[in-house]
Structure formats: structure tokens, C-alpha cells
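Below is one structure, written out as C-alpha cells; comments come after it.
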Amino acid sequence: MAPWLVRTSSQLARRAASRLLSPSQHRRHRAPAPWILCSVPPVPRTSPAAGGGLREFCSVRGFTGESSAAAAATAEDGLAGGDLQELDFPGGKVSFVAEMNFLPESQRERINCYRVLDDDGRTVSGSKFQEVSKDMALKMYSEMVTLQIMDTIFYEAQRQGRISFYLTSHGEEAINIASAAALSMDDIVLPQYREPGVLLWRGFTLQEFANQCFGNSLDYGKGRQMPIHYGSNRLNYFTVSSPIATQLPHAVGAAYSLKMDKKEACAITYFGDGGTSEGDFHAALNFAAVMEAPVIFFCRNNGWAISTPTAEQFRSDGAVVRGLAYGMRSIRVDGNDALAVYSAVHTAREMAITEGRPILVEALTYRVGHHSTSDDSTKYRPVDEIEHWRTARDPISRYRKWVQGNGWWSDSDESELRNSVRHELLQAIQVAERMPKPPLTELFTDVYDEIPSNLREQERLLRDAIKKHPADYPADVHV
Amino acid sequence: MAARFLRELGSWRRAAAGIGRRRGFSEDTAAAVAARKEGGGGGGKAVNLFTAINQALHIALDSDPRSYVFGEDVGFGGVFRCTTGLADRFGRNRVFNTPLCEQGIAGFAVGLAAMGNRAIAEIQFADYIFPAFDQIVNEAAKFRYRSGNEFNCGGLTIRSPYGAVGHGGHYHSQSPEAFFCHVPGLKVVIPRSPREAKGLLLASIRDPNPVVFFEPKWLYRLAVEEIPEEDYMLPLSQAEVIRKGNDITLIGWGAQLAVLEQACEAAAKDGISCELIDLRTLIPWDKETVEASVSKTGKLLVSHEAPITGGFGAEIAASITERCFQRLEAPVARVCGLDTPFPLVYETFYMPTKNKVLDAIKATVNY
Ligand SMILES: Cc1ncc(C[n+]2csc(CCOP(=O)(O)OP(=O)(O)O)c2C)c(N)n1
Ligand SMILES: [Mg+2]
């Protein structure tokens, strides 16, 4: 309510407010005002402005569908006893207290973090987790390794000038693969950009990755976007867009559609710690809660948004506590523990679909690589910190220990896997590199469903220009 | 993604040549334009464009204790190194990282400026200015007018790198200046070189109106020029004739000036004398200088990287047609970006290249 109306003592404000009230309202409000609900201290009844303002507020709103008279009566009952206990307010009953308690800015202890595997890859005693079969476990492991190798080799290809840009998921392999493994193919993925492992899990081939990075004629994005902006309709993976957090509200809309279509599926959207600062994050969480959309918000809290540490990004206890504020279930998981990520997403998915609700998952991890090939992170963070996470906290070796502990994996399996992935990838890169770029016609398609007249004219003019000055244009684009 | 694109420009260029890609214009031309000495200029050390911006920010913070510099990643020097050394020298209270939120940056800056401070905000890429659009368009631009001048946020300057860079694709290449030119209450300024950047940025920061200052990121490292070390300002809303000529007037701003300069050189070999104007401030713009030039040459060509339709070139063409209808001897030519999103592999096709400009010059002169 508008407390300043009650407290104001300024003549000016009172006069201004009384001008807004009709004479009849004035009269009405000279009566005692039982509906003034804040009992301590007693509200002076001298100002008609104060009464009028509050009365208007209460009666206009009504209370959870009841008539305003009923609401006022309830409140009056409370006051009549001289000891008002609670207020029936939209959303439920709110109890009154005499103390002035500000909620603290944080809980005394940080929200805890769900984990299944300890640092040595042994299951933590008493930990509850979703069982994974041997096949599944091994597939998860090999995809994590594949992602790591893919990152290393593409990064190198960028350094050699063969592709124009790259960005690795180093350190976040468990998040990528294990979250993907817990989903079904009908679930819709709306990625940020550090989740190519989700796409890999779904069956995007190394050749398809390479085609995108080289922007060749087989790239589904037709060479229009920078490397790493993958997308696949076939695999229910929306195309990456560089602007941060814009995909979050999309995920809510997509999830709502799944729900309306009564699909056994949810939407999942990934984003970083930095992404939680954007307006779109807040809009999306609120929409999801209100629309009861089956969407999983997966926050990769990797400590950094380019050079900005999380201490300068937010002062809440990470992202996980935001869920509560929006009325949504949330969990914090060890992002470098593949089994914890798998179990959390698996359960989140169940709840999202069967109960029709959004879930927020915050995975604690670390961006082990530089932000991208355009960044040198040693300029702004200690090398020891990077090394610690790269070695002691590496999600792949931790998971490998578990897999190997089960007797499912050997050193020779390991070298065979690594060799074959490396071989396949180098092959893919060679093929992608030799492939021509998409033809010039594709410059003008897809702006709209059909090419409008202004673009047809521009294409004509461009072709004239190319004819006159062929040397100005790249030879690998067929005109 | 967000990138210090130019860090590796040298090696990238070599690589790019290897895979058959080309840039829109050569390094030599950028340098040639940048090296041009103008009245009062020169004398200082040769620096690149990001260093010139950095010098201006040092001076702005030093000369006014109520000035602040902030934005995403500015604390460690910014992804383009424009804010290097500022936090160390002026402290984290005056130079700081913000959370990743452009609407927050712009809104915060409006409030800070409204309290009588100079708020110098950075939006990491012009492509990411759109979440801040509401704050800039509905708040910053109308703050003075809607309050009857009870309040203003004139101390606000928003800096942002704009334009093509050779490999930026959709979201690291755009030129969104026309959107902001459509908003009464804002000024839009775009420099073409280090010396211009320093003087125009200081003038923008000290101008009592909100200014959107777009920096040509392609030139951050490429353009090198001698600039005065001291504090100086260049006037806003004054275009500059940077090359005199008689046959046709060419207008542009920012990085496109380098392309236009190249076209002028080439046209000169064919005996065509071009007058080249750098508009510098897009809004409110210096119609008089352009009108005077077109009155003399009778022909006008406007060129920018942004898509042709609804670009600021359209406004110039319309205004000059109104003012110089009698003296125009050919339709106003526009050589601009295509009406497509900014495409990665097709960048050269998209761009208003030297030869596209040159062909348009010839067609207009021979109309
Ligand atoms: C709207 C917008 N603003 C700024 C950027 C530039 N940018 C790209 S990535 C990034 C940091 C993102 O950090 P985070 O969300 O934590 O993801 P991470 O890179 O750590 O995976 C920034 C600021 C952008 N892409 N989009
Ligand atoms: Mg991050």
C-alpha cells in the first residue's frame, strides 16, 4: 500500500489529495477506519487524504475473489479482537508480527550442493541418484571425451587461422553431456553457446560441427553466423544466438506449447552466471512460474562472465536462490559430477512434465578455458585457479574413475577412443575445409519466407558489381 | 562471442588470405586516412584508435571528479582495451564492471547523469545495445523535455563499438546508428580516426545532452595517427570537408570514410574530382556544410555500412534534395549495406566496397 499517504504531513500533499476526493467520500472516511491494517502505531485519522487513499486501495483490489465488503469484514474482525493475527491477502493468509523484521540478505549458510561422486570418483555414502546402465555410462564417458577432443582440435584450428573463431567447453563436459543424457529427444533445447555437448549427445556428427565452424555449403546456418552457432531442427536444438539470455523467454514459450500439445516433453534452456543478470532471465523465470510451463532453467555457474567474476555479477547466493523469489523449485548441483548432473536433470524433467512446472538448476563449475579465442584470461584471473580446476576438479577424470572402478573401462579402451575421435575429427575438418562456401543466392534467402522485391533488386545490382570486379570477391563463394 | 577481435588481426588477415576471404578495404588505406593531418592536429605521438579513446577517458576522469566510466568488463581494460589503466588510476568507485545487463547499464547511467554527474557508459558491442533501447529512447532522450527542463541527463555518454570487422557475423558487426538518429533528444557521434575520436569523445562527454558515441571497431588497432597529448575537443554538429573537389560530393562517417577516401583516389585517376565530407555528428547534423558542397558539385553520394533501407543516408538524401533540388544534376546515390542481416561468409558482398562506390561515382557524374 502507499504508506506515504498515511504519513504525509505536508499541507501541499494533503490539499492535493483532498482535491481528488468527492465530498461524499470525505464523509464516508471520517468514520473509524477498521480497514487500516497496520495496527502499530495507531494511524491518525485526521487526514482525509490518508483515509481516502487507503480505502480506495483496499476496495478496488478485493481479496482473492471475495467481495471487498467481506474482506473488510474479515479485517474488522481481526481488529475487533484488538490483536490482529493475519491478513487474508491475494496468495494466501499473511500473519502479522509485532517485531519489525527485515529479511536478511542471505541465509546464514550457503545453499548446499548436491553431489554423487567424490573427488576420487567414489559414490558419496548415502547419496541418492538415478541409476545409469553400463551402456549409458560408457556412452556418457565417450561423449565427454569426444567433446574435450573436439574443443582442443577446433581451438587449435582457430589458432592456425583455419576457422575465424572458437570457444571451448573445457571444464563443463559433465554439464554438457550428463544433462543431455537425462533428457529425451523430444525435449526442446535452447542453448547459450557453451553447450555443444548437448548437441553432440543428440547425434550431431563431428562433420556437422566442422561444417558449421567452416561455414561451408553443408552448414545448416548457411555460413551466415560465426563458428559455434550450431542449430538443428532434426535434433530439437534451437540455433545459438550471440546475444546473452535472449533464449530464456523463448524456452518458456516453447515449453508452454509442449504443455498445450500434451507432449511428454519439456524445454530446457542453458545460460551462464552472467546471463542471470539480463532482464530476459527475470522475465523468463517469472513467466515460467506464472504460466506453469514445463521448462528447466539450467544455469552453468562457471565463476566468470568474460573477465567479470560472479562477485561483481550478483550478491545473492548464486542463481539457485532466485527460484524461490519467483516461486519455483530449484536445486544446486556439483557441475563437475556427471552423476549428480544426470540425476538432478532427470528428476527435474519428471517434475516439470508431470506436474507442469518450471525448475531451476544451478550447476557449480568453472570455465577452464579462456572465454573464447579472442580472450586471454590470465590477464584477469590467477593461473593457479585455472590449473586447480583443470586438474584437481576435472569432471572427466572424476567420472572416469567411477567408470573404471566399475570395471567398465580400461586404459586401452581409452587410447582407442581418443585415437579414433581424433582421426574422425581431423578427417571431418579436411572435408569441411575443402567444401565450397554456400552459394551467393543464399545471401538473400531466409530474410523472409520469400525474397521481396528490394532484395531481388539488390541481388541484381550485386551481380553486376561482381561481374565488373570479380577480384574483389572471395573465390570460394559460388556466384 | 564478445571478442578482442583485433588482437589477432594480423595473424587472422594472413590466415584469411589463405582461405580466400577478403576484407572490405586495405590496411594501407585506413592508415592513409588516419595519417592525414588537419588544422591544429598532429604534434603528439602516433597512437591507434583505442589508445586515443583511452586517453580521452583518462582526461575526462581526471578533469571532472564527478565523472564515471562503467560497463561490462571495463574493469580490466575492456574487451577492446579502451579502458586500460583507468580503474588503477581512478579507483573502482569511479571505474567499474557492471553486471551483464545493458538495460541496467543505460538506466543506471541515466540516474547517475540526472544527479549531475558525467556518466560514461560502455555497451560492449553496438549489437548488444538493444536491451538498453527503452532506457535510451524513452528515458535518456526525453528526460529534459518531459520534465520541462526540471531534470536532464545531459551528462550521459554511451560509447559502443560498431561496424564490420571482417569476421563478426550477425552480432559483432552491426551499424545501428539510424535507430538512434530517429530519436529527438539524443546526439549521435561517430569518429573516423584516432585524433577525431579523442576530440569528439571529449566533446561528447562534456556536451550537456545525452550522446550515443559509436566507435569503428575495425579501426581500433588499424588506424594510427599523431594526436595531441593534451585535452582538446572537436565541435559537435560540424561536418568536416576532408578532401576538396568539384565534380561530386561524397558523405560518410566512421570506418566508411576510409573506403570513400580510396574511391576518391581511384576516381581522381579517371579525372573525377571528389569532395569528401565526414559528417562526424549524425544528429543534429550539419546540413549547411553538405548543402554548400552539393551546391558547388551538383552531385551527391552517401555511403554507410548499415542496410540501405531506412539508413541515415535516406535522411541526408531527402534533406539535400529539398535544399538543392534546382542544383542537383543527378539523383542522390546511396552505396550502403544490403537489406539483409549482417552475414559472415558473405561479408564482402554485403559491404559498400570501394569499387561499388567508384562505380556509383562514375554513374552519377556521367548521369
Ligand atoms: C546482450 C549481450 N551483451 C553482451 C554480450 C557479450 N558477451 C558475450 S559472452 C559474455 C559473458 C557471458 O558470461 P556467462 O553468461 O557467464 O557465460 P559463459 O561465457 O561464462 O559461459 C558477454 C558479456 C553478449 N553476447 N550479449
Ligand atoms: Mg560464466
Go through B/K356 and A/K468 one step at a time and tell me if the side chain to side chain contact (heavy atoms under 4.5 Å, CB included) criterion holds. CA-CA 10 Å; B/K356 285 184 190 169; A/K468 274 184 156 163; over 6 Å; no
What verdict does the side chain to side chain contact (heavy atoms under 4.5 Å, CB included) test give for B/F349 and A/I466, after you've listed the backbone C-alpha separation in whole Å, the side-chain angles of each residue and the deciding distance to 0.1 Å? CA-CA 8 Å; B/F349 297 96; A/I466 298 168; 3.6 Å; yes
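Atom CZ of B/F179 is surrounded by 12 or fewer heavy atoms from other residues, nucleotides or ligands within 6.0 Å. Atom OH of B/Y68 has more than 12 heavy atoms from other residues, nucleotides or ligands within 6.0 Å. Counting heavy atoms of neighbouring residues, nucleotides and ligands inside a 6.0 Å radius, atom CG of B/N366 exceeds 12 of them. The local environment of OH in A/Y155 is crowded, with over 12 non-hydrogen atoms from other residues, nucleotides or ligands closer than 6.0 Å.
Looking at A/L455, the atoms closer than 4.5 Å to chain B (heavy atoms on both sides) all sit in the side chain, from C-beta outward. Using a 4.5 Å cut-off between heavy atoms, A/E442 contacts chain B through both its backbone and its side chain. Interface residue A/P438: backbone and side-chain heavy atoms are both found under 4.5 Å from chain B. For B/F96, no part lies under 4.5 angstrom from a heavy atom of chain A.
The line from NE2 of A/H282 to CD of B/Q103 is 8.5 Å long, rounded to the nearest 0.5 Å. Atoms OH and CD, on B/Y350 and A/Q458 in that order, are 9.5 Å from each other to the nearest 0.5 Å. For the atom pair NE2 of B/H172 and OG of A/S374, the computed distance is 8.0 Å after rounding to the nearest 0.5 Å. With values rounded to the nearest 0.5 angstrom, B/H167 atom NE2 is found 12.0 Å from A/I163 atom CD1. Once rounded to the nearest 0.5 Å, the distance linking CD of A/E457 with CG of B/D339 reads 9.5 Å. Distance OG/A/S242 to OH/B/Y128: 4.0 Å, rounded to 0.5 Å.
B/L344 approaches A/Q225 most closely through the heavy-atom pair CD2-O, 3.2 Å. Looking at every heavy atom in both residues, A/K379 comes nearest to B/R81 through CD-NH2, 4.1 Å. Across all their heavy atoms, B/P99 and A/S277 have their closest contact at CB-OG, 3.6 Å. When all heavy atoms are compared, the tightest approach of A/G274 to B/L100 is O-CB, 3.5 Å. B/C101 and A/E278 get closest at one heavy-atom pair: CA-OE1, 3.7 Å.
No side-chain N or O of A/D472 forms a donor-acceptor pair with one of B/T353 less than 3.5 Å apart.
Using a 30° and 60° split on the angle between ring planes, B/F76 and A/Y380 fall in the perpendicular class, above 60°.
In this structure, B/P341 and A/V447 have side chains that are in contact, with non-hydrogen atoms separated by less than 4.5 Å.
Options A/E312, A/Q313, A/H469 differ in how many heavy-atom pairs under 4.5 Å they form with chain B, and the most are formed by A/H469. Of the listed residues (A/V479, A/D280, A/V477), the one with the most heavy-atom contacts under 4.5 Å to chain B is A/V477.
When atom types are taken as modelled, the side chain of B/N97 and the backbone of A/T308 share no donor-acceptor pair closer than 3.5 angstrom. A donor-acceptor contact shorter than 3.5 Å links the side chain of B/Y346 to the backbone of A/P439.
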